[in-house]
Chemist: 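One structure is given below, represented as structure tokens, and several questions about it will come after.
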Number of protein chains: 2
Amino acid sequence: MAHMPKNAAAPSVPTRDRLLDAFEDLLVEGGERSATLDAVAAAAAVSKGGLLYHFASKDALVDGVLARLDALALQDAENIRTAPAGPVDYLIRTSVHTGSPLDRAYIAGSRLAQGRDPRAMQVLADIRRRWLSVIEEAVHDPDTAQAIMLISDGLYVNSSLAENELAPQDPTDAAMARLIALIGRLLPGS
Amino acid sequence: MAHMPKNAAAPSVPTRDRLLDAFEDLLVEGGERSATLDAVAAAAAVSKGGLLYHFASKDALVDGVLARLDALALQDAENIRTAPAGPVDYLIRTSVHTGSPLDRAYIAGSRLAQGRDPRAMQVLADIRRRWLSVIEEAVHDPDTAQAIMLISDGLYVNSSLAENELAPQDPTDAAMARLIALIGRLLPGS
DNA sequence: ACAACTATACCGTCTAGCCGGTACAGTTAC
DNA sequence: GTAACTGTACCGGCTAGACGGTATAGTTGT
């Protein structure tokens, strides 16, 4: 058990992933400023030296979350495409914060983008482009697809801005169902 | 020329406002982290002592931009209500970045909110609530009004994410006109 | 006299990153 | 089989610089 955690009865979650999780959580809950190396190390129950062993710099940590976000989003594009209730329904319902790993990673990425990190902005742009093309494929009209993407983005910022009830917060509630019905009116066929 | 800018043939802009402008610009262009007291003072061509003469703390500076944002947004709500082409047209067209004072102030406020500043989150929430009620007044249907707000929010994040052409960037271009036409389909009357 | 500054020095704290050390499993050489 | 050594995974103390804020003495136009 050379490279395993000392106390591991089970492999548990690798330290590297725990550090990434901690970094994400701090970004999501406290914004960029609160996600310091010390805070990340503490949240992951690792010393600062241990953090820097896995990620040589804060930049490396950023690259780490961004890489994971990209991988998660790539998988998600497939989920959207093959969703039983259809891509639009799936996209809209998952645009509010669900606490899924992708969700957390996406918000973390947004925080980094708001801090003007060009890598984060690039990754987010790529993800959104991917989503848009899936929706375009489904609705067969670029303008409609774009409008749907905009609503999805709007839902995201709303649930990001926390505790306000301007928009549906829960993917399963009635307001969400009404919103999806409304979006139906945008579709070319009627 | 004591309290006037040295070079002022005209009263020009008062130092206090130049400091607020500088703070906003730094927030918009470099995110929260780059907007330090030293940077703000330098950008406004004022000494650090001069900055702290007008704003005793960074918190006071934040309060300053937030107060100005709130005032600007209050005025804007009236502009939306009385827009010749109608509230929805106006709201949507001004949801992309135009470089207007309100626009810059709003983005600056968003940066602060992303840094989890509760005051900023509160001010933004109030502004959005105001906009929503103006739109509700105009379209006579809460769900439709909400969907329109979401599209507006979506446009805003898109133009915030810079240099991507997923959504219309220019309030006068054809894509914007098509988007507004599409939104027309959401309206209860047809 | 006073408001509106400039300039400079300073303080405590926070932050990123560095470095020397430790523990220990596995490898090699005899 | 055991001593010497290697690589991995960490610990925790440290430092330089940035940051928010204080302080203070001087300057300038009215």
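Atoms considered below: every heavy atom in the structure, side chains included; atoms not considered: hydrogens, waters and symmetry mates. Here is how names work: the chains are called A, B, and so on, in the same order as the sequence lines, proteins then strands, and each is numbered from 1.
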Chemist: Please examine the side chains of A/E24 and A/R68, heavy atoms only from C-beta on, and report whether any two atoms are closer than 4.5 Å.
Modeler: yes
Chemist: With a 4.0 Å cut-off on heavy atoms, is A/L52 in touch with a base, just the backbone sugar-phosphate, or nothing at all?
Modeler: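 Base contact - A/L52 has a heavy atom under 4.0 Å of at least one base atom.
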Chemist: For A/T15 and D/dC10, is the shortest distance between a side-chain N/O and OP1 or OP2 below 4.0 Å?
Modeler: yes
Chemist: Taking 4.0 Å as the cut-off, does a side-chain nitrogen or oxygen of A/K48 come that near to OP1 or OP2 on D/dG12?
Modeler: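 Result: no.
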Chemist: Using whole Å, report how far CZ of A/F55 lies from C1' of D/dA9.
Modeler: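 Nearest whole value for this atom pair: 14 Å.
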Chemist: Among the clusters formed by ILVMFWY side chains lying less than 4.5 Å apart, do A/F55 and A/Y53 turn up in the same one?
Modeler: no
Chemist: Could you tell me the separation between the NZ atom of A/K58 and the P atom of C/dC18, rounded to a whole number of Å?
Modeler: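 Checked: the NZ to P distance equals 15 Å.
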Chemist: Between B/D59 and B/R119, does at least one N-O distance fall below 4.0 Å, as a salt bridge requires?
Modeler: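 Salt bridge: yes.
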Chemist: Less than 4.0 angstrom between a side-chain N/O of A/T36 and OP1 or OP2 of C/dC14, yes or no?
Modeler: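 For C/dC14, OP1/OP2 do not have a side-chain N/O of A/T36 under 4.0 Å.
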Chemist: Regarding B/S110 and B/Y156, do their side chains bring together a donor and an acceptor under 3.5 Å, going by distance alone?
Modeler: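 Yes, a side-chain donor-acceptor pair sits under 3.5 Å.
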Chemist: Quickly work out the B/L37 CG to C/dA7 C1' distance and round it to whole Å.
Modeler: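 Going from CG in B/L37 over to C1' in C/dA7 covers 17 Å.
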Chemist: Can you tell me if the side-chain N/O atoms of A/Y53 get under 4.0 Å from OP1 or OP2 in D/dA9?
Modeler: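 For D/dA9, OP1/OP2 do have a side-chain N/O of A/Y53 under 4.0 Å.
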Chemist: Which whole-number value in Å describes the distance from B/R16 CZ to C/dA3 P?
Modeler: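 Value for this atom pair: 17 Å.
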Chemist: Can you tell me the distance, in whole Å, between the CG atom of B/L51 and the P atom of C/dA7?
Modeler: 14 Å
Chemist: Going through the distances and angles, do B/M176 and B/D173 end up as a side chain to side chain contact (heavy atoms under 4.5 Å, CB included)?
Modeler: CA-CA 6 Å; B/M176 181 60 87; B/D173 76 6; 3.4 Å; yes
Chemist: Measure the distance from CG on B/D38 to P on C/dC10 and round it to the nearest whole Å.
Modeler: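 So the two atoms are 16 Å apart, to the nearest Å.
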Chemist: Whether A/H54 contacts D/dA9 is assessed here as follows: a side-chain N or O lying under 4.0 Å from the phosphate OP1 or OP2. Is that the case?
Modeler: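 For A/H54, the contact criterion (side-chain N or O under 4.0 Å from OP1 or OP2 of D/dA9) is not met.
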Chemist: Between C/dT15 atom P and A/E32 atom CD, what is the distance in whole Å?
Modeler: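 Rounding to the nearest Å, CD of A/E32 and P of C/dT15 are 12 Å apart.
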Chemist: Could you tell me the separation between the CZ atom of A/R33 and the P atom of C/dT15, rounded to a whole number of Å?
Modeler: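 For the pair A/R33 CZ and C/dT15 P, the rounded distance is 8 Å.
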